[in-house]
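All values below were derived from every heavy atom in this structure, side-chain atoms included, with hydrogens, water molecules and symmetry-related copies excluded. We're numbering straight along the sequence, starting at 1. First listed ligand is number 1; within each ligand, the first listed atom is number 1.
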Amino acid sequence: MHLLLIGGGGREHALAWKLAQSPRVTHISVAPGNGGTATAEKTKNVAIGADDVPALLDFAQQQAVDLTVVGPEAPLAAGIADQFQAAGLPIFGPTQIAAQLETSKAFSKRFMEEHAIPTGRAIIVTDFDEAARYMRQLDDVPVIKASGLAGGKGVLLPETMGGAAVVVQQMLLEDRFGAAGKTVLIEERLTGPEVSVLAFADGERFALMPTAQDHKRLMKKDRGPNTGGMGAFAPSPRATPELLDQIARQVIGPTLAGMKAAGASFMGVLYAGMMLTPQGPKVLEFNCRFGDPEAQTILPLLESDLLEVLIACVEGRLNEVVPVWRNGAAATVVMAARGYPGEYEVGQTITGIDAAQAAGALVFQAGTKQVEDRLVSAGGRVLNITATGDAMEAALRTAYRGVRAIHFNGAHYRTDIGKK
Ligand code: AMP
Ligand code: GLY
């Protein structure tokens, strides 16, 4: 089979690595890919942007692609699944309407309220005066969320009521968050540890993956600015079988059933960002795809053929395929470029990947490119160093051994991944 894999981050390198292990896969075209997918087994890059749906459709038709797998949310938000389905091309990922679980926080909040799925109380506003009136009668400072896709920057946790009002004003009156901020959620602030619960979904049935926890802050002890994710580990020690069963029954099951009943069946990866509050697990957000770096952490734990799982989802027969996961743990450490998450340095030569692999680590590349026979940095998050082990300590030890084998100027990473 010829696969088309859309995206160019560490998540996509991990997907390509896992899909290439399937005996049925002959080649994988990655659009646009990165330095890792340029040289991976069975894999080549094609110079088409992940958001360029017409060009992706043309490519899939001309090359008779057998299955397309979508990594990031932007093409899903643009309706790539609808367009491929209309053209008779199999694609793994939700339709535009189903992807609203991620792309519209207003849609997703209303949906959860309608289906009694546990989540923070919120109002949805487009009018600044209404927002101001609502906030005047709140006792606690709320969380402010831009409803639309904002590249991970649309959720703000102000410290004071005045700060909350300023954020709402920036969104509704000052256009600081673009179209994404023209609808705002004012949500109660919840407390508790966070766990990500991901599931393969075939529109009706689902199969849970091992839970993951990510580290969003730049520096150790959760200091410094938010990032796209500096590392992750799986499974979360907090995710007891009882808790997972509760989340399956109260969140994942009702979400898929509710979407199906609304004529918007969800097929793809459903990712529930959960907060374990004193009142029980509550949904913070849904994503409609694998997380990055969660995918790099979770996929090495999958023993089954990923292709067979994805095809079962696309064909609506997930009941026939039971994904098998290895016991043990996995951890991913992100190596970032100098300056990240602000303006970052590029073009630094990367060495030591072979040595990291020899030490037992997996190296999933993100912001890299191959320039002749050199591998150079080309993004903020440059590499993901992942390892599995029988226990978390072993996975972490191997991952950090891999990290220490790799060099590029300005490289930095957190030294406390897995310590929460
Ligand atoms: P989201 O993109 O919705 O997951 O939000 C990003 C981060 O903001 C989450 O991972 C939480 O740490 C935090 N967050 C979101 N909603 C809330 C809430 N209602 N209460 C407290 N923290 C929240
Ligand atoms: N790591 C969080 C995300 O992919 O959205």
key: Ligand-side contact atoms (ligand 1) for residue partner E188, heavy atom cut-off under 4.0 Å   =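 Heavy-atom distances to E188 below 4.0 Å select 18 (C), 19 (N), 20 (N).
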request  = Any atoms of ligand 1 less than 4.0 Å from a non-hydrogen atom of E187? List them with their elements.
outcome  =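 Here the atoms of ligand 1 in question are 16 (N), 18 (C), 19 (N).
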request  = Step by step, work out the side chain to side chain contact (heavy atoms under 4.5 Å, CB included) result for L299 and F290.
outcome  = CA-CA 10 Å; L299 290 172; F290 281 106; 4.1 Å; yes
query = Should E294 be counted as touching ligand 2, given the test is an N or O pair under 3.5 Å?
reply =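 Yes, there is a polar N/O contact under 3.5 Å.
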task = Would you check the N or O atoms of D292, main chain and side chain alike, for any that come under 3.5 Å of an N or O of ligand 2?
result =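 Min N/O separation from ligand 2 is below 3.5 Å for D292.
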inquiry  = Tell me the closest heavy-atom pair linking A77 and T103, and the distance in Å.
reply    =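 Heavy atoms only, the tightest pair is CB-CG2, 3.6 Å.
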ask   = Which one holds for E194 and ligand 1: side chain close, backbone close, both close, or neither close, with close meaning a heavy atom under 4.0 Å?
value =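 Near ligand 1, E194 shows its side chain, while the N, CA, C and O stay back.
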task = Specify whether H115 and F111 have parallel, tilted or perpendicular ring planes, treating 30° as the upper limit for parallel and 60° as the lower limit for perpendicular.
result =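 Correct class here is tilted.
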task = Please state whether the rings of F200 and W325 are parallel, tilted or perpendicular, taking 30° and 60° as the class boundaries.
result =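 F200 and W325: parallel rings.
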message = Would R289 count as a contact residue for ligand 2, given that I'm defining contact as a non-hydrogen atom of the residue lying under 4.0 Å from a ligand atom?
response =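 Checking ligand 2 against R289, which is what was asked, there is a heavy-atom contact under 4.0 Å.
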Could you check which of [options] puts a non-hydrogen atom nearest to [atom]?
atom	options	result
atom 20 (N) of ligand 1	L157, L190, V155, D214	L190
atom 14 (N) of ligand 1	V283, L284, T277	L284
atom 15 (C) of ligand 1	K216, E285, K145, R121	K145

inquiry  = Checking contacts here: is it the side chain or the backbone of Y271 that comes within 4.0 Å of ligand 2, counting heavy atoms only? Could be both or neither.
reply    =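 Just the side chain.
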message = Quick test: of every protein heavy atom, which one is nearest to atom 18 (C) of ligand 1, and how far off is it to 0.1 Å?
response =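 Here the closest protein heavy atom is V143 CG2, 3.6 Å.
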Distance, nearest 0.5 Å, that separates [atom1] of [X] from [atom2] of [Y]:
X	Y	atom1	atom2	value
E73	E102	CD	CD	4.5 Å
N34	L375	CG	CG	9.0 Å
I91	L310	CD1	CG	12.0 Å

key: Result of checking E187, E114, E285 against K109 for side chain to side chain donor-acceptor pair (under 3.5 Å)   =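 Considering E187, E114, E285, a side chain to side chain donor-acceptor pair (under 3.5 Å) with K109 is found only for E187.
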key: Any L57 side-chain heavy atom under 4.5 Å of L89 side chain   =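 Sidechains of L89 and L57: in contact.
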Which of the atoms of ligand 2 are close to [X], meaning less than 4.0 Å from one of its heavy atoms?
X	answer
N287	5 (O)
G291	4 (O)
D214	1 (N), 2 (C)

key: Within the 6.0 Å centroid threshold, strictly below: F233 and H215   =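 Judged by ring-centre distance (under 6.0 Å), F233 and H215 do meet the cut-off.
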query = Can you find an N or O of K105 that's nearer than 3.5 Å to an N or O of ligand 1?
reply =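 K105 vs ligand 1: N/O contact under 3.5 Å present.
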